[in-house]
Undergrad: 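I have a structure I would like to understand better, so I am pasting it below and will then ask my questions one at a time.
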Amino acid sequence: MSSATSETVELLRALVREACVNTGEASSGGEIRAVRVLQRFLAEAVERRCCETRVFEASPGRASLVARVRGTDPDAPALGLLGHLDVVPVDAERWTHDPFGGDLIEGEIWGRGTVDMLYLTAAFATAFREVALAEERPRGDLLLLAVADEEAGSDYGLRWLLREHPDAFGVTEALSESGGMRMGDHVVVEVAEKGSAGRRLVVRGTPGHASIPFGAQSAAYAAGEVLQRLAAVAPAVELGALWRSFVEARIDDPDLAGRMLDPVRLDAALLELGGIAGYAHAASRVTISPTVLRAGQAHNVIPGEAHIDLDIRTLPGTTDDEVDALLAEMLSGLSAEVEVRHLRGWPATESPEDEPLFDAVRDAIAQTDGSPVVPIMAAGGSDARLLRELGIPSYGFGLLSADWSYERYRQRIHAHDERIDVASVELTVEALRRIVSARVG
């Protein structure tokens with residue numbers, strides 16, 4: 001194990017132990033603890049005045065760290081390494097080892113957040129410190145952006161920072177999460193993300209006393225009718241610009257690949273895809289998932305109102321009006337009154353593949369382990385979308401070891417017994433060094 005890998009592993013274990021669990025409540029997270037870990041890691045570089053660091057707190061304990069090494073050429077790229085510090089909750093009883101122990105067992109680091117995305121945040125910090133402590137200053141600026149609240153929408157993290165302290169950044173390009181897994185022989189580089197168009201359906205009925213139901217119309221029954229409609233809705237298949245490269249990278253069977261490239265035959269082909277079927281389904285259409293259902297407050301009162309929250313993920317180019325039209329068609333003819341309310345949303349985002357940073361990522365991965373890359377659209381979201389919305393090219397990076405298929409990645413992320421192997425950390429650090437050298441070195 002190289003010294004850089006060893007330092008990254010130890011930093012990763014320290015970050016896991018801080019247990020910065022984000023439940024979505026303002027008082028959760030406590031990312032200031034992870035910020036203190038990074039400050040200790042960067043202490044020598046700060047003391048030698050090799051870099052600048054600033055800590056920002058959106059609210060008590062919800063802290064983010066922005067560190068910068070200034071380059072010699074103001075016209076050179078300013079590369080941002082964007083990692084988040086918060087992790088999702090755990091059911092500790094379902095874990096084989098302490099989810100916040102950061103244990104190193106048989107070549108794997110265990111703990112919540114090891115995959116999403118503390119291993120990468122740690123690798124970013126290692127690469128940043130190496131540049132800061134080098135004898136010569138880099139040509140371009142290098143920034144470490146270690147932020148809070150990515151798991152709950154970034155209101156206390158990058159979204160807040162961009163709104164309240166835009167002067168703290170100045171990046172012209174960025175790397176973040178959701179890359180590095182294997183699609184066949186290819187390594188994934190995320191260049192796009194689906195958008196979000198959250199909706200709340202407010203279903204109204206006629207309340208009454210539960211002991212005399214005649215004449216009342218329970219909103220719970222009406223909500224059930226709405227859910228049946230939702231189960232039957234089938235948004236149209238739309239195969240975007242990245243679809244063919246995904247199919248060619250992952251599918252070896254020419255007949256199956258041909259059916260996947262045909263919008264009419266695609267859904268029947270999904271049944272043959274095994275663990276990749278969920279991604280293929282999500283990447284080829286708008287998806288609508290009911291996630292929260294509420295009706296009634298008291299046991300003896302027939303509810304007059306029910307709420308159904310929908311997680312709707314959109315493709316590039318999908319508008320809010322199109323989402324509303326889809327829901328209006330789905331709800332047409334229902335006997336109950338249904339109001340559609342808009343929840344938080346954002347458009348799908350994408351970065352072009354003809355950017356120098358994408359070229360650097362592709363070349364670094366090829367030089368590190370010989371693999372070609374495949375650009376994909378992520379079904380979920382990350383903080384990178386906030387930079388893309390500002391026109392800053394941003395890519396999901398990583399280089400996981402050879403047995404990290406996309407399926408394995410999905411099985412480990414946010415899961416019980418989340419863990420990552422040291423070999424993946426080493427590959428990521430090695431490739432990242434090459435990217436940093438190519439862009440700002």
Side-chain angles (χ1 to χ4, degrees), residues 15 20-22 24 26 28-29 31-32 34-35 38 54-59 62-68 78-88 113 115-125 127-128 142-166 168-180 188-196 198 311 313-314 344-351 357 361 376-398 409 413-414 428 432:
L15 291 171
C20 297
V21 176
N22 188 347
S28 69
E31 293 91 345
I32 187 65
V35 166
L38 290 175
R54 298 175 68 183
V55 177
F56 301 90
E57 282 190 271
S59 69
R62 306 308 302 271
S64 299
L65 174 74
V66 178
R68 181 191 298 268
L79 173 62
L81 306 177
L82 174 61
H84 65 82
L85 302 172
D86 58 323
V87 302
V88 297
V115 178
D116 182 18
M117 63 170 287
L118 296 180
Y119 93 93
L120 198 51
T121 302
F124 286 165
F128 177 87
L142 181 65
L143 290 92
L144 173 65
L145 314 174
V147 300
D149 199 35
E150 187 276 342
E151 296 290 1
S154 306
D155 283 346
Y156 300 95
L158 185 61
R159 186 188 302 277
W160 177 85
L161 279 166
L162 289 171
R163 183 181 68 245
E164 301 295 331
H165 300 280
F169 292 86
V171 301
T172 60
E173 57 189 26
L175 298 177
S176 193
E177 61 182 325
S178 301
V188 164
V189 178
E190 185 231 85
V191 302
E193 297 178 5
K194 293 185 77 175
S196 177
D311 184 310
R313 300 299 173 119
T314 60
R344 168 180 286 171
W346 53 85
T349 61
E350 51 190 331
S351 294
L357 179 57
V361 172
I376 71 162
M377 175 177 64
S382 76
D383 276 342
R385 72 177 184 275
L386 298 173
L387 298 183
R388 291 193 189 110
E389 288 172 359
L390 298 175
I392 300 170
S394 303
Y395 302 97
F397 164 74
Y409 177 83
I413 192 171
H414 291 192
T428 296
L432 181 59

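When reading the values below, keep in mind they use all heavy atoms of this one structure, side chains included, and skip hydrogens, waters and symmetry mates.
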Undergrad: Which atom pair, heavy atoms only, marks the closest approach of Gly398 to Tyr119?
TA: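 Shortest heavy-atom contact: CA-OH, 3.8 Å.
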Undergrad: Are Asp116 and Glu151 close enough that some pair of their side-chain heavy atoms sits under 4.5 Å apart?
TA: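 In contact.
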Undergrad: Run the side-chain contact (heavy atoms from CB on, under 4.5 Å) check on Leu175 and Leu357 step by step: do they pass?
TA: CA-CA 9 Å; Leu175 298 177; Leu357 179 57; 4.0 Å; yes
Undergrad: Using 0.5 Å steps for rounding, measure from the NZ atom of Lys194 to the OG1 atom of Thr314.
TA: 7.5 Å
Undergrad: Determine the minimum heavy-atom distance between Ala63 and Ala148, stating which atoms define it.
TA: O-CB, 3.4 Å
Undergrad: Would you check if Leu161 and Val147 make a side-chain contact, meaning some heavy-atom pair closer than 4.5 Å?
TA: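 In short, these two side chains touch, coming nearer than 4.5 Å.
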Undergrad: Sub-3.5 Å donor-acceptor pair from the side chain of Ser28 to the main-chain atoms of Ala26, do we have one?
TA: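 No, the answer is negative, given that no donor and acceptor are paired below the 3.5 Å cut-off.
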Undergrad: Please walk me through it: do Val66 and Leu144 pass side-chain contact (heavy atoms from CB on, under 4.5 Å)?
TA: CA-CA 6 Å; Val66 178; Leu144 173 65; over 6 Å; no
Undergrad: Please give me the minimum heavy-atom distance between Thr428 and Ala123, naming the atom from each residue.
TA: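 Looks like CG2-CB, 4.1 Å.
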Undergrad: Mind checking whether Phe56 and Trp160 have parallel, tilted or perpendicular rings, split at 30° and 60°?
TA: perpendicular
Undergrad: Is it the case that Asp149 and His84 place a side-chain donor and acceptor less than 3.5 Å from each other?
TA: no
Undergrad: Can you list the steps and then say if Leu390 with Leu162 is a side-chain contact (heavy atoms from CB on, under 4.5 Å)?
TA: CA-CA 10 Å; Leu390 298 175; Leu162 289 171; 4.0 Å; yes
Undergrad: Output yes when a side-chain donor or acceptor of Ser176 lies under 3.5 Å from a complementary backbone atom of Gly396, and no otherwise.
TA: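 Looks like no, no N/O pair under 3.5 Å.
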Undergrad: When rounded to the nearest 0.5 angstrom, what distance separates CH2 in Trp346 from CD in Glu389?
TA: 9.0 Å
Undergrad: Is any side-chain heavy atom of Leu158 less than 4.5 Å from a side-chain heavy atom of Leu82?
TA: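 Heavy-atom side-chain distance check passes, below 4.5 Å.
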Undergrad: Of the non-hydrogen atoms in Gly157 and Ser64, which two are nearest, and what is the gap between them?
TA: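 What the structure gives for the nearest pair is CA-OG, 4.2 Å.
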Undergrad: Under a 4.0 Å threshold between the charged nitrogen and the carboxylate oxygen, would Arg62 count as salt-bridged to Glu57?
TA: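 Salt bridge absent between Glu57 and Arg62.
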Undergrad: Once you round to the nearest 0.5 Å, how far does CG of Leu142 lie from CZ of Phe124?
TA: 10.0 Å
Undergrad: Which atoms form the tightest heavy-atom contact between Phe397 and Val361, and what is the distance?
TA: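 That closest heavy-atom pairing would be CD1-CG1, 4.1 Å.
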Undergrad: Within a strict 4.5 Å, meaning less than it, do heavy atoms of the Leu386 and Arg159 side chains meet?
TA: yes
Undergrad: Kindly indicate whether the side chain of Glu190, heavy atoms from C-beta on, has any atom under 4.5 Å from the side chain of Tyr395.
TA: no
Undergrad: Decide yes or no for Asn22 and Tyr156: does some side-chain heavy atom of the first lie under 4.5 Å from some side-chain heavy atom of the second?
TA: no
Undergrad: Test salt bridge (charged side-chain N to carboxylate O under 4.0 Å, His left out) on Asp155 and Arg344; report intermediate values, then the result.
TA: CA-CA 11 Å; Asp155 283 346; Arg344 168 180 286 171; 2.4 Å; yes
Undergrad: About how many Å separate OG of Ser196 and CZ of Arg313, when rounded to the nearest 0.5 Å?
TA: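 One gets 5.0 Å once the value is rounded to the nearest 0.5 Å.
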Undergrad: Test Arg54 against Leu65 for side-chain contact (heavy atoms from CB on, under 4.5 Å), laying out the working first.
TA: CA-CA 6 Å; Arg54 298 175 68 183; Leu65 174 74; over 6 Å; no
Undergrad: With heavy-atom distances below 4.5 Å as the criterion, would you say the side chains of Leu145 and Phe169 are in contact?
TA: yes
Undergrad: Could you tell me whether Asp383 and Arg388 make a salt bridge, using a distance below 4.0 angstrom between a side-chain N and a carboxylate O?
TA: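 Not counted as a salt bridge, because no side-chain N and carboxylate O are separated by less than 4.0 Å.
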Undergrad: Quick one: closest heavy-atom pair of Cys20 and Leu85, and the distance?
TA: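 For Cys20 versus Leu85, the nearest heavy atoms are CB-O, 3.6 Å.
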Undergrad: With heavy-atom distances below 4.5 Å as the criterion, would you say the side chains of Asp86 and Val21 are in contact?
TA: no
Undergrad: Under a 3.5 Å threshold, yes or no: a donor from one side chain and an acceptor from the other, between Glu193 and Ser382?
TA: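 Yes, a side-chain donor-acceptor pair sits under 3.5 Å.
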